[in-house]
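The block underneath contains the structure these notes are about, expressed in structure tokens.
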Amino acid sequence: AKYLYQVGKNNSLLLISSLKNSITCHAWKGVSCTHFRGITTTPFPEFQGDSRFKSHADLHNASLQNPDHFWGTLAKSRLQWFQTFNQVKDCDINKGHIRWFMDGKLNASVNCVDRYAEKNGDAIALIWEKDEPGTEEYVSYRQLSQMVNKMANMLKSFGVCRGDRVAIYLPTSPVAVAVMMACARIGAIHSVVFAGFSAEALAGRIIDADAETVITSDEGVRGGKIIPLKQTVDAAVANCPCVKRVFVYQRTGNPVPMGKLDISLDKEMASQSDVCEPEKMGSEDLLFMLYTSGSTGKPKGIAHSTAGYLLYAGITQRHVFDYREGERFGCVADIGWITGHTYVVYGPLSNGATTVLFESTPTYPNPGRYWEMVQRLSLDHIYLAPTSLRLLLKEGNEWVKKYDRSSLRKLGCVGEPLNTEAYDWYNDVVGDGKCEVVDTWWQTETGGIALAPRPSAPGAKIVASKPMRPHFGIQPALMDKDGKELTGSNVQGALCIKSVWPGMARTIYGDHKRFLDTYYNPYPGYYFSGDGAHRCEDGYYQITGRMDDVINVSGHRIGTAEVEDAMDDHSQVAETAVVGFPHDIKGEGIYAFVVTMEDINPEDADTLRDQLKSIVKTRIGGFAQPDRILFTPGLPKTRSGKIMRRILRKVADNKPEELGDISTLVDPSVVEILVQKHEMI
Ligand code: PRX
């Protein structure tokens, strides 16, 4: 595509892109944006006029063949540096050694806040969509800058230093964003823990990160309910000798007991200066860590560094969603997950965008919440999880149709496979067939979107729940059982990436060996995602699901081992095995097979089920509770003692006819019992 910019009437900026067979026009005027639908690729001004880049394919090839030029150019123009880098990358994928923008010095908060506060301080940075509809609050870049600086000074005055880890257990709110940015400003590494995790799970993460500082609020508010966050933190901190201070922000203002470690965040911030010199951070200094579940019991603190992550977050937010200046970006993820980090906070803010902080749920106060919000806030983009689409489509189209959604241009989704029914509803009903549905595949570890239908070559189609194409810098590979790369189309295997890109994770905090063992050693020379995928014609990828013992419940990764460990603690439980099963709304549900010490009476079964669910709630969080629990005298095991989960998955999925060969089991008769019991629960 060729792009031509013109300054039109009323200072509007006209961009005319002439493509092979079509002409598309886009017009901007100040903050408001009028547009014509059907844009294919957002232009990269950096490569405009360079005869080497005539098409999307040229750009994508350059990102792989000459990454130093591609990413080096973008890093210089998109990020603000105290000192530019003198080497674009130092990577050896064979060793899982990833370093970008060597010797560069920058600060993420300067890039996300200061440069926009200075340029146009009145522009809206955050729209806090609070739990009660119609009570939203707006925070300008200038106001955000003041909050960040005061917060940074407050942290410093209590002795928080560069390199310290700060645990954040807060509702999605401007204060949470300001805390993340304040950490970045003083060089502390933030570790946001989703405020739905239990006290025990929070304590485990605080201890693993050896965090001295915790930041929380009195309470949270979600779906009209009060959530006692401070109480959970108190219970967690009681078991964390490393914690020296707990800052408490007043979200509701209801009185909560304050102990000797507790400090009122609101009071302390008020007396601080709103000028705090930003630390000059190295490109590779860690910006944050975020825990995610793996195959084994202990969650992994995935660590991201400053420059590479920030660049990749910004590039993907702008180009995958074709984000244009002045638009309102509505990613409804909680800040406690990676989607919240990259597409609520760092991506949009690094582009000077207006980003929405969604505190509520898709069904509060009714199933029209998202679309009423789209109308009220006039959102240009919405980015959500398929699980909420599946939930909402069951409620009927009236909840959508009664609101004006004409402001929407792009409909994003992430976290789990987007089934055809949900895709069609999103496209036809929510988008009235006028918006592009952008299904994005990525992970906590990839830092940002790795596969998506956009940006792509002009005319490249989006097909329901099917095609996803590699983003710039991403070269996917599918591996067979013997560890060999599969070639051609219509092949299925383990999804790996054989290129390096700036946003990739650098390590697991405190356990680099586990990092290498999990991601780099399974297929030497490749990054292994843990997912399986199918490559269709034309190089499109379709995700087939996790290949490890991780279950994807409503887009959240839950390790089967974590749930098993929790239930094993019950005195009546001898052994457990947990698998995923197809679930109408959640995508996957949790199915637990439990061997009890002694046979349990049928009338006691429900009590024990409740106790087991409650243990999981206490150890991990309510969202990890099993949907179904089956009591059995034994589990299907091989002679070497390995549980055959393949069989359990078939039982849970109601497919006894597909059990396959069970002759290698020590006791094949156990399978018959499982099938019968499954039919009864
Ligand atoms: O299994 C894939 C699934 O979610 C996993 C990553 O989970 P997490 O690190 O929590 O990050 C979620 C949000 C980025 C992946 O390994 N997943 C993510 N996106 C998709 C998906 N599965 C299918 N289609 C997707 N679009």
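Both counts, for ligands and for their atoms, begin at 1 and track the order of listing.
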Does [X], backbone or side chain, put an N or O under 3.5 Å from an N or O of ligand 1?
X: Thr444; answer: yes
X: Thr339; answer: no
X: Thr292; answer: no
X: Met468; answer: no

Go through the side-chain N and O atoms of [X] and [Y] and say whether any donor and acceptor fall under 3.5 Å apart.
X: Glu562; Y: Ser293; answer: yes
X: Arg318; Y: Tyr323; answer: no
X: Tyr540; Y: Arg535; answer: no
X: Tyr509; Y: Arg165; answer: yes

I need the contact type for Leu451 against ligand 1. Using non-hydrogen atoms and a strict under-4.0 Å cut-off, is it side chain, backbone, both or neither?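 Neither part.
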Determine whether the side chain, the backbone, both or neither of Asn552 has a heavy atom under 4.0 Å from any heavy atom of ligand 1.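 Looking at Asn552 and ligand 1, just side chain atoms fall under 4.0 Å.
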Can you find a pair of side-chain heavy atoms, one from Leu290 and one from His190, that are under 4.5 Å apart?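 Result no, sub-4.5 Å side-chain heavy-atom pair not found.
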Hey, are the side chains of His319 and Arg454 touching, using non-hydrogen atoms and a 4.5 Å cut-off? no
How far is [atom] from its nearest protein heavy atom, and which residue and atom is that?
atom: atom 19 (N) of ligand 1; answer: Gly415 N, 3.1 Å
atom: atom 16 (O) of ligand 1; answer: Arg546 NH1, 2.7 Å
atom: atom 5 (C) of ligand 1; answer: Arg557 CD, 4.0 Å

Decide side chain to side chain contact (heavy atoms under 4.5 Å, CB included) for Ser173 and Glu359; before the verdict, give the C-alpha distance in whole Å, the side-chain angles of both, and the deciding distance to 0.1 Å. CA-CA 7 Å; Ser173 55; Glu359 190 185 38; 5.5 Å; no
Can a cation-pi geometry be assigned to Arg205 and Phe197, taking NZ or CZ under 6.0 Å from the six-membered ring centre and within 45° of the ring axis?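 Judged by the rule, Arg205 and Phe197 form a cation-pi pair.
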Short list, please: which atoms of ligand 1 are under 4.0 Å from a heavy atom of Thr440? 19 (N), 20 (C), 25 (C), 26 (N)
Show me which atoms of ligand 1 lie under 4.0 Å from any heavy atom of Asp531.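 Those qualifying, in numeric order: 1 (O), 2 (C), 15 (C), 16 (O).
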May I ask whether Pro417 places a heavy atom under 4.0 Å from ligand 1?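 Pro417: in contact with ligand 1 (<4.0 Å).
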